[in-house]
Structure formats: structure tokens, C-alpha cells
Amino acid sequence: MSVPIRLPGLQGGLTARPMAADDHDVVAALIDADWLPGRLPARQRTPEPNGETFVVVDARERVAGAVRCRVRPADRAGLIVWLHGRENFGVMAALVVLARVRLGRRLLYACTGPATATGIPGLPVEHRPETERALMAAGFSPVSAQRYFLRDLTMAPPAPPGYPLADVNSIAAPPGWQLELTDTDGAHIASAILRAPTPETAGMAVLWQLAVRTEHRRKGVATHLLAQCLHHAAAHGAHHVTADAADGDIPAARLLAASGFLPLDTLTVYHHP
């Protein structure tokens with residue numbers, strides 16, 4: 001039997017203990033209850049090699065929430081990798097207390113685990129407002145944020161690409177393609193990296209990178225290349241394409257929106273000094 005963990009100030013009959021072997025199904029269900037498009041189900045995710053998982057249980061010994069913690073070897077910072085509790089504020093607050101007790105007095109970061117199958121870290125704050133409220137109430141503050149976008153290729157299939165056509169080369173790891181636009185003299189204009197839809201990406205293509213040389217910007221090059229990326233993804237079986245941009249990167253957000261991407265959430269990492 002797991003030894004209970006004493007925590008200060010827990011209410012509602014909640015107690016804490018290390019995760020037990022027979023908790024796996026319940027914890028997986030908690031993780032999947034916070035599903036976000038582009039994220040793998042809990043049982044399909046690669047097991048985390050380091051860290052410990054703890055659970056909060058109610059007065060009837062039912063698991064109400066779970067949190068994963070570890071210490072980063074490089075700088076000894078404490079990481080709250082993920083925490084899930086069906087967006088019950090009391091449970092989320094208890095998980096934050098639990099993580100802080102287990103990690104001790106050190107620099108802390110929260111929500112450092114991947115929020116998507118492609119590894120973008122952070123808490124999807126619009127989907128999980130109670131978790132954000134619990135973190136902020138405990139003194140955490142945002143340290144980085146990425147806007148997360150989704151393009152549905154089935155609702156509005158992309159048109160065939162126009163001239164000039166990008167050169168397409170396959171990439172082995174991770175599987176996908178590099179699309180490159182060149183001038184008539186062969187000079188590089190712009191390039192994009194598109195990750196292929198695979199089980200590891202939850203069946204979605206991923207716009208990994210898109211860059212235009214400075215002297216060719218504001219000429220519609222990015223829009224033209226992005227359209228070719230979308231058509232190429234659809235032609236290779238993708239029904240959706242995901243992309244991300246730094247929160248506050250207005251040009252990138254406008255480019256994606258103009259190409260039919262919808263903003264899904266802001267993926268935020270927090271810290272506590």
C-alpha cells in the first residue's frame with residue numbers, strides 16, 4: 001500500500017499518495033479528459049523516462065487528479081510536467097501544492113510536458129482555465145507561450161498550386177518534406193518544412209517551419225508557399241494540418257488565419273522563482 005503524503009491546507013477530504021500500478025487506467029482517463037486536437041491518447045504516448053507521478057484521492061479513495069514531477073539535471077530546476085484533474089479547481093490546487101511539496105524549495109516550471117503529439121509544451125489555457133487559475137493562485141506566472149492553430153483540409157480542400165512551383169524533397173527523420181521556392185536564376189527565395197501525417201502526429205500533418213528571405217517578404221511569397229504545403233499535405237492523406245506561432249507574432253497569426261487556420265489555444269509554460 002502507498003504511504004499517504006501529508007500536505008498543508010488540503011480541503012474537501014482530499015489526500016495524496018504516489019501513483020499505484022492499479023491507478024493507470026484512471027490516470028489515463030484523467031489525461032484524456034483534457035483532450036486537445038493533435039494530442040495522442042494517453043496510452044499511445046511515449047512513456048516518460050524520468051520523474052514520479054502522484055495522485056490526489058477523495059474521501060472514498062477515488063483518484064481525483066494526478067501530477068507528474070521531476071528535477072531537471074542540468075540546472076536542478078523542478079518541473080511540473082503535467083497535471084490533470086477534470087478542471088476541478090480544488091483538485092488542481094491540491095495537485096499544485098503536492099508538486100511543490102515533492103519538488104522542494106527551488107526554481108519551478110509548470111506544464112513543461114508536450115501538449116501536442118509534436119512536442120509543443122504548455123498548458124492550453126483556454127481549454128483549461130481552472131488549472132491556470134490554480135497555478136496563478138500559487139504564485140506561478142507565464143514565462144513562454146505559443147499560439148496553436150489547426151487547418152481542416154476536408155472542409156475547404158486546398159486548390160492546386162500555381163506557378164512558381166516549389167521543389168519538394170523528402171525528409172527521413174521525422175518523416176516529411178522540405179518545400180523550396182527558388183528564383184529563375186536558382187537563388188533561394190523561401191522554404192518550408194512539412195511533417196507527414198503519422199500515428200506519432202495523431203494523423204495530422206504539421207507545418208514545422210516556413211521562412212522567406214528578407215528581400216522577398218511582403219510580396220505574397222509566404223502565402224503562396226503555404227498554399228502549396230496545404231495542397232501537398234492533402235495529396236498525401238492528411239485531413240488536418242497544425243501549426244504554431246509565438247504568442248504576439250501578429251504577422252504569423254495573420255498568415256495562418258488568411259490560409260484557413262483556426263486558433264485553438266495558447267500553450268503556456270509557467271515558472272515560480
Side-chain angles (χ1 to χ4, degrees), residues 36-38 114-122 124-126 142-198 201-202 204-269:
L36 185 72
T116 69
T118 54
I120 307 171
V125 295
E126 293 165 34
V143 68
S144 67
Q146 293 284 111
R147 291 292 285 163
Y148 180 53
F149 296 84
L150 179 72
R151 171 64 153 85
D152 188 336
L153 300 177
T154 63
M155 298 295 292
Y163 181 84
L165 296 176
D167 294 322
V168 181
N169 295 293
S170 296
I171 298 173
W177 308 273
Q178 181 177 35
L179 289 82
E180 184 175 9
L181 283 173
T182 57
D183 210 339
T184 53
D185 60 359
H188 174 77
I189 295 176
S191 62
I193 295 177
L194 183 67
R195 188 167 176 180
T198 65
T201 64
M204 300 186 185
V206 182
L207 181 64
W208 202 261
Q209 176 184 311
L210 193 154
V212 180
R213 290 183 64 91
T214 304
E215 61 269 28
H216 294 285
R217 293 175 183 172
R218 300 184 182 276
K219 299 178 181 179
V221 173
T223 300
H224 181 76
L225 182 55
L226 179 52
Q228 294 197 40
C229 289
L230 296 178
H231 185 268
H232 191 81
H236 287 79
H239 293 161
H240 297 86
V241 179
T242 66
D244 66 278
D247 192 29
D249 187 342
I250 296 174
R254 286 176 175 169
L255 170 66
L256 293 169
S259 299
F261 283 81
L262 296 177
L264 289 185
D265 216 316
T266 302
L267 307 177
T268 304
V269 176

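As a basis for the values below, the full set of heavy atoms in this structure was taken, side chains included, without hydrogen atoms, waters or symmetry mates.
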Inset, instruction - Could you walk me through whether Val206 and Thr116 pass side-chain contact (heavy atoms from CB on, under 4.5 Å), step by step? - result: CA-CA 11 Å; Val206 182; Thr116 69; over 6 Å; no

Inset, instruction - Carefully, step by step, assess Leu150 and Met204 under the rule side-chain contact (heavy atoms from CB on, under 4.5 Å). - result: CA-CA 9 Å; Leu150 179 72; Met204 300 186 185; 3.9 Å; yes

Legend entry - Stepwise side-chain contact (heavy atoms from CB on, under 4.5 Å) test for Val212 and Leu210: CA-CA 7 Å; Val212 180; Leu210 193 154; 4.1 Å; yes

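Judged as a ring pair (Phe, Tyr, Trp, His ring centres under 6.0 Å), not a single pair has a partner in residues 247-266 (not counting sequence neighbours).
Between the side chain of Asp185 and the main chain of Ala187, a donor-acceptor pair closer than 3.5 Å is present. A donor-acceptor distance shorter than 3.5 angstrom exists from the side chain of Gln228 to the backbone of Ala166, with no hydrogens or angles considered.
Once rounded to the nearest 0.5 Å, the distance linking CH2 of Trp177 with CD1 of Ile193 reads 13.0 Å. Considering NE2 of His231 and CG of Leu165, their distance stands at 10.0 Å, rounded to 0.5 Å. The distance from atom OG1 of Thr242 to atom CG of Leu207, rounded to the nearest 0.5 Å, is 8.0 Å. Here CG of Leu225 is found 9.5 Å from CG of Leu255. Values are rounded to the nearest 0.5 Å. To the nearest 0.5 Å, atom CG of residue Asp152 and atom NE2 of residue His239 are 9.5 Å apart. In this structure, the separation between NE2 on His188 and NE2 on His216 is 8.5 Å, given to the nearest 0.5 Å.
If you run side-chain hydrogen bond (donor to acceptor under 3.5 Å, both in side chains) between Arg147 and each of Asp265, Asp247, Thr266, only Thr266 comes through.
Minimum interatomic distance between Pro175 and Thr198 (heavy atoms only, all atoms of both residues): CG-CG2, 4.0 Å. The two residues Thr201 and Ala196 have their closest heavy-atom pair at OG1-O, 3.7 Å. Of all non-hydrogen atoms in Pro114 and Gly119, the two that sit nearest each other are CB-CA, 3.6 Å. The minimum heavy-atom distance between Ser259 and Leu230, with the atom names listed, is O-CD1, 3.8 Å. Taking every heavy atom of both residues into account, Leu267 and Pro121 meet most closely at CB-O, 3.5 Å. Closest of all the heavy-atom pairs between Leu181 and Pro164 is CD2-O, 3.6 Å.
More than 12 heavy atoms of other residues, nucleotides or ligands sit less than 6.0 Å from atom CZ of Arg217.
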